[in-house]
Amino acid sequence: MKVASYLTTPIYYVNDVPHIGHSYCTLATDTLARFARMQLGNNEVFFLTGTDENSQKTVDAAAKAGVSIEVYLKDMAARWQSTWDTIGISYNDFIRTTEARHVDTVHELFQKIYDKGDIYKGTYKGLYCTGCETFKKSSDLNEAGRCIDHPNQDIKHLDETNYFFRLSAYEKPLLEWYEKNPDWLQPRSKKNEIISFIKSGLEDVSVSRETAEFGISLPMDPAHKVYVWFDALINYYSGIRTPEREHFWESAFHIIGKDITRFHCVIWPAMLMAAGIPLPKGVFAHGFFTIDGTKMSKSLGNVISPVDLSVQYGNDALRAGLLSSFEFGSDGDFSAENFAEFYRTKLAGGVGNLFNRVTVLITKFCDGQVDLNNAGLDLKPEFEKFESLLEQKQLKGAYDFYFATVDAANQRLNETEVWKLAKIDADAASKIFTELFDYLVLLSEMAVVLLPESAPKMRAMIGLEGKVGAAQIMFDSGRTDK
RNA sequence: CGCGGAGUAGAGCAGUGGUAGCUCGUCGGGCUCAUAACCCGAAGGCCGUUGGUUCGAAUCCAACCUCCGCAACCA
């Protein structure tokens, strides 16, 4: 099988506000899901996203907002979900880690690993930062002995009983796994990084919190709560625990940001090995982008809202602009200026104008009827090229190819000067019109994956049986002036 | 000696041994079917620095300079 049928995004931390970085990851996954549906059929693909909710910070945020934890979480999760709805994400299910189906699965896996002997009780001594929800080394603290990222919170000296996951036992199995499955983690640079990390030695990791007031209780010791990331990773498995979905697991594929590669490519596979569950088909770690060359941050105020861009330019522009501006798997940059330029040149001047001019031409000179008996163009190789790019997850490559196809059609138009030809030699012109029509059909088919919101409009313009529909504006070049 | 990535035309990037490419921008021309859009052409690069390997290096090796991420839970 060339494409995975079960695709996941990370579950996003519920306290955050969805920003353009999250959207990038989710749109990339959405594109792969749409492509998988094209290849395998709608019912053969399952796309999961969701929210990560079992955190101490949730309790604090709810208290600050003056609402119950349940209400707070429900509101925040709804906010994420509506963002994805607004920007046109075709997820099949949205999982929340406070849902019973997830809690049950976490209990089940935790128990399994415990029974196997790979979770054991021990003591952890250390400095703990509530802000990071992690233990700190003294070298991580500032002069005042506080966390660099959360200088306003006290560092706690914890000496608590914890349950540990025997990650150290999986050093060898993991290395063997990577040896046998060289393409499991992409891109390659990330794989090398992970392998050298594993080789540097793995230590057992704490998987419970005694002091946490909110979270999933350990099945064998309810006073302890499961450590958030241990619970979070399991969401991918929780999401398909129904009879009709179970078969998806064997073809699971995780799309993640490069920052969480270690969790997904060291701990998660080790957890699954311990629980006796087959590993997913693969993981892809994408890169991060800066905004106008600067790292995105709330304090700098350069965080861009995906919803704002969607409102101004439309969902297709948002996804195409993000996914085509730099290679999937590399880091890049995104700027409002470049985005407006992309919209104006590639979408309005390229795709939109081509559909408009061809539709108008055919309407004007052939009364809207294309002669499908003409030989036309054999564009099958072009479509195969498109498929091969997406199979390799070259999202930017696929968009570049799309726009190159637009250019090819425009060139054909200009070199044949069909608007002159139509007045002199109607038969010759008819053949060219059929060719141009074939280009539009190809572009509308690829748009199902790359420009899904525009695809129906394209089909409407192409019409049925060679009878083109009315021309319409898909990408208004005037929009950039707003 | 913490780990990793990057330095190629005005901007953003591709290019892992054999005459420097792409997108956008700029300039000139063409066309007038089209969303002031489309097509053609041109200018513009000692491929970070220095040294080395080679018949030949943006591409391999060494050193150095600069920038940027990460350093167990922000995509």
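What you see below is based on every heavy atom in this structure, not just the backbone, and it leaves out hydrogens, waters and symmetry mates. Letters go in sequence order (proteins before strands), and every chain restarts at 1.
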Within the structure shown, what part of the strands sits under 4.0 Å from [X] by heavy-atom distance: base, sugar-phosphate, or nothing?
X: A:Leu354; value: nothing
X: A:Phe197; value: base
X: A:Tyr24; value: nothing
X: A:Phe403; value: nothing
X: A:Gly21; value: base
X: A:Gly349; value: sugar-phosphate
X: A:Phe475; value: base

From [options], pick the nucleotide closest to the side chain of [X]?
X: A:Cys25; options: B:C39, B:A75, B:C33; value: B:A75
X: A:Ser477; options: B:U35, B:A34, B:U32; value: B:U35
X: A:Lys258; options: B:A75, B:G69, B:A72; value: B:G69
X: A:Ile260; options: B:C38, B:G25, B:A75; value: B:A75
X: A:Lys420; options: B:C31, B:A37, B:G25; value: B:C31

Rounded distance in Å - [atom1] ([X]) to [atom2] ([N]):
X: A:Leu323; N: B:C13; atom1: CG; atom2: P; result: 17 Å
X: A:Trp419; N: B:C33; atom1: CH2; atom2: C1'; result: 6 Å
X: A:Asn353; N: B:A36; atom1: CG; atom2: P; result: 8 Å
X: A:Phe334; N: B:U23; atom1: CZ; atom2: P; result: 21 Å
X: A:Glu417; N: B:C38; atom1: CD; atom2: P; result: 17 Å
X: A:Ile198; N: B:C3; atom1: CD1; atom2: P; result: 18 Å
X: A:Arg344; N: B:A37; atom1: CZ; atom2: C1'; result: 11 Å
X: A:Arg262; N: B:G4; atom1: CZ; atom2: C1'; result: 10 Å

Considering just the side-chain nitrogens and oxygens of [X], establish if one lies under 4.0 Å of OP1 or OP2 belonging to [N].
X: A:Gln411; N: B:C40; result: yes
X: A:Asn356; N: B:U35; result: yes
X: A:Lys190; N: B:G4; result: no
X: A:Lys364; N: B:A34; result: yes
X: A:Lys346; N: B:U23; result: no

Could you measure between the two [atom1] atoms, the one in [N] and the one in [M], and give it in whole Å?
N: B:G45; M: B:A9; atom1: C1'; result: 5 Å
N: B:A37; M: B:A42; atom1: P; result: 23 Å
N: B:C47; M: B:C39; atom1: C1'; result: 31 Å
N: B:U8; M: B:G48; atom1: C1'; result: 10 Å
N: B:U49; M: B:G10; atom1: P; result: 14 Å
N: B:G21; M: B:C55; atom1: C1'; result: 25 Å
N: B:C13; M: B:A72; atom1: P; result: 28 Å
N: B:G15; M: B:G7; atom1: P; result: 10 Å

Paired with B:C70: which nucleotide, if any, by Watson-Crick or G-U wobble criteria at under 3.5 Å for both distances?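 Partner of B:C70: B:G2.
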Going by purine N1 to pyrimidine N3 plus the second Watson-Crick contact, or the G-U wobble pair, all under 3.5 Å, which nucleotide sits opposite B:A62?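 Pair assignment: B:A62 / B:U50.
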Backbone of A:Asp231 reached by a side-chain donor or acceptor of A:His102 within 3.5 Å: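 Here the side-chain-to-backbone pair exists.
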Other residues, nucleotides, ligands: >12 heavy atoms within 6.0 Å of A:Glu415 CD: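 Yes, the 6.0 Å shell around CD holds more than 12 heavy atoms from other groups.
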A:Lys385, NZ atom: more than 12 neighbouring heavy atoms under 6.0 Å: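 Check fails, neighbour count at 12 or below.
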Hey, what's the ring geometry for A:Phe165 with A:Phe230, parallel, tilted or perpendicular (30° and 60° as the breaks)?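 The rings of A:Phe165 and A:Phe230 stand perpendicular, inter-plane angle above 60°.
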Report yes or no: is the cationic atom of A:Lys393 (NZ for Lys, CZ for Arg) under 6.0 Å from the centre of the six-membered ring of A:Phe284, at an angle within 45° of the ring normal?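 Not flagged: A:Lys393 not positioned over aromatic ring of A:Phe284.
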A:Tyr439 six-ring face occupied by A:Arg412 cation (under 6.0 Å, within 45°):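 Pair A:Arg412/A:Tyr439 does not count as cation-pi.
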Non-hydrogen side-chain atoms of A:Leu48 and A:Phe94 separated by less than 4.5 Å: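 In short, these two side chains do not touch, never coming nearer than 4.5 Å.
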Sub-4.5 Å side-chain heavy-atom contact between A:Val266 and A:Phe197: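 Of all side-chain heavy-atom pairs linking A:Phe197 with A:Val266, at least one is under 4.5 Å.
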